[in-house]
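Given the structure is predicted, the values throughout are model-derived calculations rather than measurements.
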Amino acid sequence: MLGYIFAGLFAIASSWFFAKWRQTARDLAAAGDDFLTGLPLRKKFASMSELIFRTVKSRKFNSSDMFRRKEIRSEPAVHDLTVLMFDIDHFKDVNDRWGHDMGDKVLEGLGVVLRRMSRSSDLDVIGRWGGEEFIAVLSTNIEGASLFYLRVAKAFAEVTQQLLGEDRTLSCGVVELATESDSLSGLRANADEFLYEAKNTGRNQMIGARAGEKVSTAKGI
């Protein structure tokens, strides 16, 4: 008798849990956030980053000297912007060796790292671009982006060491806003090209450029 009661209670609790999980997933999806990582998905990220891009570009190229001096007196001026594309190296190997549930935990871990490492700035946004690719738009120059990548790579290696018992690495491509003719979609495409160059020339590194000229290469861990 007690067995039937416990089975019934378990079924009710399980039903409630999965209903809650599905509702949370629907709420996050409606908000444009990824349920697994808590980061904005592509559509929401694109909208947020476009606003940031226009704001920074206006400050960088269209502000008068008088406005710049006033801005510097009142608050720190932000005139730099970089786009970073991240990819987990050999992610398929994680799924093949440990299963897709562990793969999800690795993705979730990177999401936690990216949220923790991001600065509390209205002019920074990080999102999940798709699969094991992540994207960031940061109000910093390419040198600042390089430091960000190194911090993220180190923290991600620590997370995967806890999950898998071994370090896992990240490749990254980064491009800095450099000319008034730059577009956000163009910067994203260029960052993606440098990401694939980083992966095709050894992985575990960041390759970056300013105005089409390669200016930065950083080893991850």
Show, in sequence, the C-alpha distance, side-chain angles and deciding distance for R59 and L123, and conclude whether the side-chain contact (heavy atoms from CB on, under 4.5 Å) test is met. CA-CA 12 Å; R59 291 184 181 187; L123 295 178; 3.9 Å; yes

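For A155 against R116, the heavy-atom pair with the smallest separation is CB-NH2, 3.6 Å. Of all heavy-atom pairs between L170 and A153, the closest is CD1-CA, 4.1 Å. Annotation for G131 and L107: closest pair O-CD2, 3.9 Å, computed over non-hydrogen atoms. The two residues L36 and E108 make their nearest non-hydrogen contact at O-CG, 3.5 Å. In plain terms, the two heavy atoms of L150 and A218 that are nearest each other are CD2-CB, 4.2 Å. The two residues V113 and V159 have their closest heavy-atom pair at CG2-CG2, 3.8 Å.
Interatomic distance, K60 NZ to E180 CD, rounded to the nearest 0.5 Å: 11.0 Å. Note that the CG atom of D167 and the CD atom of Q161 stand 5.0 Å from one another [nearest 0.5 Å]. To the nearest 0.5 Å, atom CZ of residue F156 and atom OG1 of residue T169 are 8.0 Å apart. Atom NZ of K199 is separated from atom CG of D89 by 4.0 Å, given to the nearest 0.5 angstrom. Separating the CZ atom in R128 from the CZ atom in R42 is a distance of 11.5 Å, to the nearest 0.5 Å. Interatomic distance, CG of N190 versus CE of M85, reported as 11.5 Å (0.5 Å rounding).
Judged purely by atom type and a 3.5 angstrom limit, Q205 uses its side chain to pair as donor or acceptor with the backbone of A198.
For the pair W129 and R188, the minimum side-chain heavy-atom distance is below 4.5 Å. At least one side-chain heavy atom of K44 sits less than 4.5 Å from a side-chain heavy atom of D33. H90 is listed as a side-chain neighbour of R168, based on a closest heavy-atom distance under 4.5 Å. In this structure, F148 and T140 have side chains that are not in contact, with every pair of non-hydrogen atoms separated by 4.5 Å or more. In this structure, L164 and M102 have side chains that are in contact, with non-hydrogen atoms separated by less than 4.5 Å. At a threshold of 4.5 Å between non-hydrogen side-chain atoms, the residues F45 and V137 count as touching. You'll find the side chain of V175 stays beyond 4.5 Å of the side chain of D182, heavy atoms only.
Taking hydrophobic clusters as Ile, Leu, Val, Met, Phe, Trp and Tyr residues chained together by side-chain heavy-atom distances below 4.5 Å, F91 does not share a cluster with I221. A continuous path of hydrophobic side-chain contacts links V83 to M48 [ILVMFWY only; heavy atoms under 4.5 Å]. Hydrophobic cluster membership differs between L147 and M206, with clusters built from Ile, Leu, Val, Met, Phe, Trp and Tyr side chains linked at under 4.5 angstrom. L184 and L51 end up in different hydrophobic clusters when Ile, Leu, Val, Met, Phe, Trp and Tyr side chains are linked at under 4.5 Å. Hydrophobic clustering (side-chain heavy atoms under 4.5 Å, transitive across Ile, Leu, Val, Met, Phe, Trp, Tyr) keeps Y149 apart from V112.
A side-chain contact (heavy atoms from CB on, under 4.5 Å) with V174 holds for exactly one of I207, L138, L195, I142; it is I142. Applying side-chain contact (heavy atoms from CB on, under 4.5 Å) to I88 and the options D93, V94, T160, L110 leaves one that passes, L110.
The neighbour count for E166 CD, taken as heavy atoms of other residues, nucleotides or ligands under 6.0 Å away, is above 12. Annotation: R54, atom CZ; neighbour count of heavy atoms from other residues, nucleotides and ligands within 6.0 Å does not exceed 12. The environment of K154 atom NZ is sparse: at most 12 non-hydrogen atoms of other residues, nucleotides or ligands sit within 6.0 angstrom.
For the residue pair D87 and S171, no side-chain donor N or O sits within less than 3.5 Å of a side-chain acceptor on the partner. Donor-acceptor pairing under 3.5 Å is recorded for the side chains of S139 and D124.
Comment: R210 does not engage D80 in a salt bridge, judged by the lack of any side-chain N to carboxylate O separation of less than 4.0 angstrom.
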